[in-house]
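Each chain gets a letter, A, B and so on, in the order the sequences are listed, and its residues count up from 1.
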Amino acid sequence: MQKRKIPFTILWVILAVCGGGLVVWDLTAFPDYIYENPSTLPFNHEKHGEALGLDCSKCHPGAEAGIRAGMPSKADCMDCHNLPLSDSPENEAFDKALLTAKENPFTFTSLLPSNVVFPHGLHVKSGVSCETCHGSAKEIDAGRRPQVRMQDCLACHQGKRGFPQASTDCARCHR
Amino acid sequence: MTSFAYMLAALFAMIPAPFLFKAPMRVPLRGAAIAIVLLVDEVFVWLVSSPEYPHYELLPFQMLALMLCVSTLFLGRRRRLYASLATVLWLWIDFFGMLSLSYRGVPFQWLPFAVLPLAFLPIFFMHPYKKESRFFLAVIWAAAWILSFVFEL
Amino acid sequence: MKISRASFLKLLTGTFAALSLFGCRREKSLPKNEHREVSSKPDLSLWQKEIDEARFATPRPESLVMVPRPGIHPKFPDADVRLGMAIDLDLCDSCGKCALACMVENNVPRVNADEARKGRYMHWLELRGGMPVMCAHCGDAPCEKVCPTGAAVASPDGFSSMVYPRCIGTRFCGANCPLHARKFNYTDAAEQGLAAKFNPEVPLRPQGVMEKCSLCIQRLQNARIQAKTFGLEWRGSGVLPACAAACPKHAIIFGNWLDLNSDLVRKTRGRGIYAPKSIAKFLPAVVYLRGKA
Amino acid sequence: MNRNFLIFGLVLLLPSLFAVDSALSIGPASWALSQESFWGTPIADFVFWIGLAHAGTLFSAILLVLGVRWQHRVAFLAELSTIAALGVAASFPLIHLGIPEAFYNMIPVGNARSMYVNVESPLVWDFVAIFVYGTVSVLYLLLHLFSIRNASLEKYRRPFAWILFPLVLWVHTIVSLDFAVTFVPGWQGAYFPLYFIFGALFSGVALVQILVELSHRRVRAVEDLLIAFSWALLAFWMWEANVKAVWHPELLIFGFLVPQLLWISKVREISVVRALVAISVMASLWWERIGLVQPENLDWTWVDLGLASFGIGAFCVAFALLRILLKKFFPQAFDEDVMESLRERVVSFERKKFWISVGVGTFAAGAFAVYFIWNAPAFPGVRMIPVLFPIGALCAGISLSLFAIAELWKTRVAVMCAVLLAVFAVAVGGLLYRGTDVSYTESLTTVESVNPALGTSKQATAELWNARCAACHGKDGNLNRKFVHEFYPLPQTLSLERLDSLGLDSLSKVVLEGRNYMRPFRGRVTDAEAFALVRYMRSLAVQKKGGAVP
């Protein structure tokens with residue numbers, strides 16, 4: 001009995017290390033970030049996108065040609081919302097909130113580190129659609145945020161994600 | 001540095017080889033003796049060579065390694081162990097010396113590393129006290145010495 | 001308390017089940033924005049003052065030797081871009097406008113009085129004896145060889161780049177740079193209010209990393225991105241680093257050494273090309289012009 | 001002895017913890033460095049302590065390999081000092097780093113970001129070699145301890161010594177290459193590997209001499225070695241003086257002349273003199289490293305001195321604690337008679353298992369080389385070799401230890417140990433592969449409304465049109481019917497004729513000031529962009545009509 005104890009203890013330790021390791025792995029592996037709209041303006045991407053034939057870059061200037069995609073200013077909203085567009089309660093709530101909103105009602109904390117440049121326009125031109133990283137309008141409305149992970153950048157740049165290969169030189173993206 | 005001075009260095013280095021391990025000596029005395037041989041080698045290199053020669057910094061130590069290698073031919077016991085250790089010392093000095101020189105732009109020289117390991121053939125596969133294996137070893141060490149100069153030019 | 005084997009097994013299984021359930025939780029709230037508040041409208045005269053101070057710390061110019069015209073980067077023999085600069089010492093009157101422009105463009109911090117006394121200025125572009133000296137972007141760069149993590153790495157565009165997040169501050173690159181062009185962030189300048197975010201395009205460097213002249217990499221990247229977005233090829237045209245743009249005498253010429261029509265190649269034709277003696281053998285891309293060839 | 005060591009160590013260690021705290025919290029700014037001289041006393045202390053660590057290996061492994069009959073007691077003392085000194089030595093490079101918590105970036109494994117360490121850099125060799133040296137030294141010490149209890153393990157000691165013997169020399173060679181491969185004039189030297197090895201062994205022997213004196217014993221052979229090494233160092237110092245034209249008389253006095261006192265037998269009999277000679281040797285070698293790392297004198301701060309004191313204090317405390325700990329678990333190792341009897345033991349050589357282990361090591365090193373050549377973009381050729389040997393030695397040492405474990409307990413235990421080790425290695429490797437979440441503090445930016453300044457070229461204007469105008473006017477100049485039809489009264493079509501009749505100037509004014517349902521764009525587009533947009537609109541109208549684009 002005494003003799004058999006050591007191997008069993010080791011077995012349990014192995015199991016514990018395996019299991020514990022996997023759990024730690026799971027907990028710390030990159031999850032999706034969930035984002036709550038900090039703005040007072042309720043906004044619905046789904047109702048604005050394909051349904052109206054609008055491009056992302058209408059409200060996010062630069063999203064399809066610039067380096068960064070900006071957020072819409074109040075004036076950008078007012079381009080259309082100066083008219084009562086529909087009589088749905090959602091729209092009325094939005095119009096009401098817009099009246100008292102400040103000049104830049106939407107701000108956005110970019111998860112992209114400030115030492116990295118991600119040229120939105122260049123990616124769109126190479127065939128990487130907005131949905132590739134940001135997800136569908138529905139997902140965006142649900143609060144999903146793109147995962148900014150260098151390994152994802154690299155997998156794509158190395159041609160492993162179905163897009164053409166691109167440079168993996170540090171100095172192309174890091175500054 | 002001329003090739004003549006280089007050959008002279010080899011001869012000069014080998015002079016103390018037969019005597020150094022002949023007599024039983026106390027450890028501090030033997031250490032001092034080897035160090036003095038090294039010092040004399042340094043003075044010799046300082047006289048005949050110049051710092052422009054890329055292996056200038058290494059030369060006294062290569063001479064010492066050659067001397068230690070040759071001296072194992074005159075050992076009475078454990079010749080196999082000490083001959084292999086001395087050859088490894090030589091390889092060590094050459095490899096790491098050239099590695100650090102290569103960072104300074106001196107091209108890395110492969111030939112000594114092709115030749116010196118051949119010394120292990122007679123050390124391990126032939127009788128260490130036979131004349132032939134001693135001769136082989138001497139030839140290989142001499143070749144390593146010559147080649148590391150010839151291919152530097 | 002004595003635990004029987006069966007109950008121990010149950011306990012273990014239960015724990016695993018609980019932990020695995022916990023592991024299924026796969027969402028996370030956003031990280032806090034750690035971006036420090038730094039002034040973006042600081043008093044430029046403070047920076048100017050430091051440049052004037054630093055001039056006294058480096059009174060001697062680098063000794064120059066003649067070098068051949070910079071060409072292909074040895075690590076990228078197939079590249080058709082080798083960005084570089086030529087500084088015309090015949091035109092330069094060491095006004096120091098380039099140094100200030102560099103600091104403003106790249107958010108180079110000032111240092112506190114204690115650091116200044118020890119000569120730990122952060123200036124990417126130094127005036128050594130009135131001569132503008134910055135990283136020479138060597139082709140055979142000593143810093144890149146010894147960086148353990150690969151934070152100092154050559155770019156296929158022919159310059160030597162620095163990836164700050166990868167840097168762990170061994171400072172080997174700085175020790176190995178004969179030109180002493182690399183600067184170490186000894187203190188957290190943003191915390192002391194000595195750094196300013198003049199340029200939102202450039203990150204502030206944290207304490208403990210190395211930095212150096214990047215050839216205004218943000219401008220190069222932007223120019224390349226702009227050109228490629230519109231489907232054009234970019235070979236180093238249409239962009240100037242901050243120092244070259246700021247030079248009132250146009251003594252700093254920027255361009256692509258491999259583009260025979262670039263400003264750089266045309267203006268250096270027939271001129272004497274020099275490099276600091278300490279790094280002349282490392283194929284620098286930033287060189288000095290003096291007199292005729 | 002243990003108590004005195006502990007007290008002496010704590011007296012030095014506790015105050016110096018302030019220096020360590022300051023070095024870690026303030027960073028490298030707290031000790032003497034400049035923007036030109038980036039390496040300071042921590043590096044000198046590191047080289048010094050890693051040198052002291054060599055003593056244990058010299059006395060137990062190297063002499064065992066060379067077939068010198070040696071006192072187990074001294075070897076054991078030296079082995080303990082190796083472990084303690086190695087721990088101290090390893091802490092200095094971490095203190096030295098600008099970002100100490102990111103040290104793992106030097107570990108040569110791949111990661112998900114395809115970032116591979118630069119195996120050309122001596123620091124990577126250094127990191128690997130010291131890690132391996134530490135691990136293998138601990139394994140060797142354990143083997144030694146278990147072999148005292150269990151004579152069947154004795155046959156593994158010499159094979160293990162054969163792995164450790166080249167490794168220890170390799171480690172210090174690599175430490176020397178940290179300096180020798182650089183372009184710093186004072187650090188260059190192709191002869192540094194040998195020079196550093198002898199310096200390390202010299203200081204290590206001096207340390208053992210002190211430890212022997214403190215345990216009130218006398219080992220003449222150690223004193224002899226001290227003299228022998230002092231002569232070797234003389235030769236190196238002379239050569240350095242010749243090559244670099246620097247002259248350090250203080251080193252020759254305290255490092256060479258003082259040890260020569262031991263030739264005089266009357267003086268040599270005095271215990272205090274022997275200890276003082278050893279201290280003088282150690283001090284001169286420490287000073288030599290300081291002079292090497294910082295050729296020009298910088299103003300030392302209290303942290304510099306504090307870190308030096310930390311080294312001594314931490315060593316003494318670690319050494320004493322190790323002895324107290326081991327006395328509890330391995331009382332035989334502290335038993336005079338047992339240790340004396342070991343000297344007579346016949347040491348055989350476990351040939352088969354040694355060669356299997358060497359094979360494992362060779363395979364591991366080869367696999368690492370292949371893995372790196374496969375993944376890392378530029379193969380550094382011969383510059384990779386320094387890192388290969390420690391990797392091989394680590395695997396060979398582990399495999400030999402597993403054989404010893406199998407001998408000591410059972411094969412099953414050894415297999416389980418191997419599995420556990422593999423799991424641990426995979427877990428750590430996986431974590432390293434995955435990397436950390438956010439590695440950069442100043443990381444996130446706030447995005448607000450921005451105007452992407454694209455310029456006014458034809459392509460840029462087209463992009464601007466698509467972004468700003470196409471929502472209503474359509475990408476092709478036809479109205480976006482999906483949107484406009486639903487919400488607005490239909491406006492007049494913008495035909496070429498209508499555009500021309502209005503004129504480009506007034507149209508660009510409409511863009512800026514707005515008209516009817518169209519809101520003003522002033523502030524969102526510049527005047528030049530507005531004009532370019534109008535021209536683009538006209539070109540679209542021309543295209544629509546079937547004409548060529550101007």
- Do D/Q35 side-chain atoms and C/Y121 backbone N/O form a donor-acceptor pair below 3.5 Å? yes
- Message: Quick check: closest heavy atoms across D/N105 and C/I168, and the distance to 0.1 Å?
- Response: ND2-CG2, 3.6 Å
- Atom OG1 of C/T170 and atom CG of D/D178: how far apart are they, to the nearest 0.5 Å? 10.0 Å
- C/C216: side-chain contact (heavy atoms from CB on, under 4.5 Å) partners, not counting sequence neighbours: C/E105, C/N106, C/Q218, C/R219, C/P241, C/A242
- State, to 0.1 Å, how close D/P28 and C/R171 come at their nearest heavy-atom pair, and which atoms those are. CG-NH1, 3.3 Å
- Say whether, by atom type as modelled, one donor and one acceptor occur between the side chain of C/Q207 and the main chain of D/I26 under 3.5 angstrom. yes
- Note on the structure: Per-residue tally against chain D (heavy atom, under 4.5 Å) across C/R166, C/K118, C/M122 peaks at C/R166
- Message: At a 4.5 Å cut-off on heavy atoms, which part of D/E101 comes close to chain C: side chain, backbone, both, or neither?
- Response: neither
- Item | Smallest separation among heavy atoms of D/A29 and C/E115, with atom names | CB-OE2, 4.0 Å
- Message: Is any side-chain heavy atom of D/F183 closer than 4.5 Å to one of C/I279?
- Response: no
- Query: If you draw a 6.0 Å radius around CZ in C/R55, do more than 12 non-hydrogen atoms from other residues or ligands fall strictly inside?
  - Reply: yes
- Message: Other residues, nucleotides and ligands only: do more than 12 of their heavy atoms fall within 6.0 Å of CZ on D/F131?
- Response: no
- Task: Sort D/A462 into side chain, backbone, both or neither according to what part of it lies under 4.5 angstrom from a heavy atom of chain C.
- Result: neither
- Query: Which atoms of D/W187 come close to chain C, meaning under 4.5 Å heavy atom to heavy atom: side chain ones, backbone ones, both, or neither?
  - Reply: side chain
- Item | Parallel, tilted or perpendicular: rings of D/F38 and C/F184 (30°, 60°) | perpendicular
- Note on the structure: All heavy atoms of C/C147 vs all of D/S121, minimum pair found to be O-CB, 3.5 Å
